[in-house]
Amino acid sequence: MPRAAGEPHKVIAVCLPFVYAKRPKGNLIAFDTRQQQLVRLDRDNGRSLWKQMGKTTKKKTK
């Protein structure tokens, strides 16, 4: 397991070897699966975490 877990992203599209995802702040990013290690969160945990991260980023931008 890597030491730095990173931040969760919401997958928008997959065109291997690339995965296009949305950051909690709203901007898009492309991951090259040949250079990055990706993991999948449980659906319920992922939704809960995404909602919490959205709330914290909205507070920071105000």
Side-chain angles (χ1 to χ4, degrees):
M1 297 269 316
R3 292 182 186 178
E7 68 177 347
H9 294 72
K10 186 180 283 188
V11 173
I12 303 299
V14 177
C15 183
L16 291 176
F18 301 102
V19 174
Y20 300 92
K22 182 177 177 183
R23 291 181 171 163
K25 295 178 183 176
N27 51 349
L28 296 176
I29 187 170
F31 291 99
D32 185 342
T33 59
R34 298 168 292 187
Q35 299 175 356
Q36 300 286 329
Q37 181 179 15
L38 306 176
V39 297
R40 182 179 183 158
L41 294 175
D42 175 75
R43 173 170 261 163
D44 293 334
N45 290 336
R47 284 184 178 170
S48 174
L49 181 61
W50 189 259
K51 286 180 184 178
Q52 290 298 319
M53 291 188 72
K55 289 178 184 177
T56 58
T57 56
K58 286 179 185 176
K59 287 180 183 177
K60 288 180 183 178
T61 58
K62 287 185 178 179

Leu49 to Pro8 - nearest heavy-atom pair and separation: CD2-CG, 3.5 Å
Same cluster or not: are Leu16 and Ile12 linked, directly or through other Ile, Leu, Val, Met, Phe, Trp or Tyr residues, by side-chain heavy atoms under 4.5 angstrom apart? no
Same hydrophobic cluster for Leu38 and Ile29, using side-chain heavy-atom links shorter than 4.5 Å among ILVMFWY?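 Cluster IDs for Leu38 and Ile29 match.
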Are Asp32 and Phe18 packed together at the side-chain level, in the sense that at least one heavy-atom pair is separated by less than 4.5 angstrom?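 A side-chain contact exists here, since the closest heavy-atom pair is under 4.5 Å.
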Point-to-point distance, once rounded to the nearest 0.5 Å, from CD of Gln37 to CZ of Phe31: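 Going from CD on Gln37 over to CZ on Phe31, the span is 12.5 Å.
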Straight-line distance of Leu28 CG to His9 NE2, nearest 0.5 Å: 10.0 Å
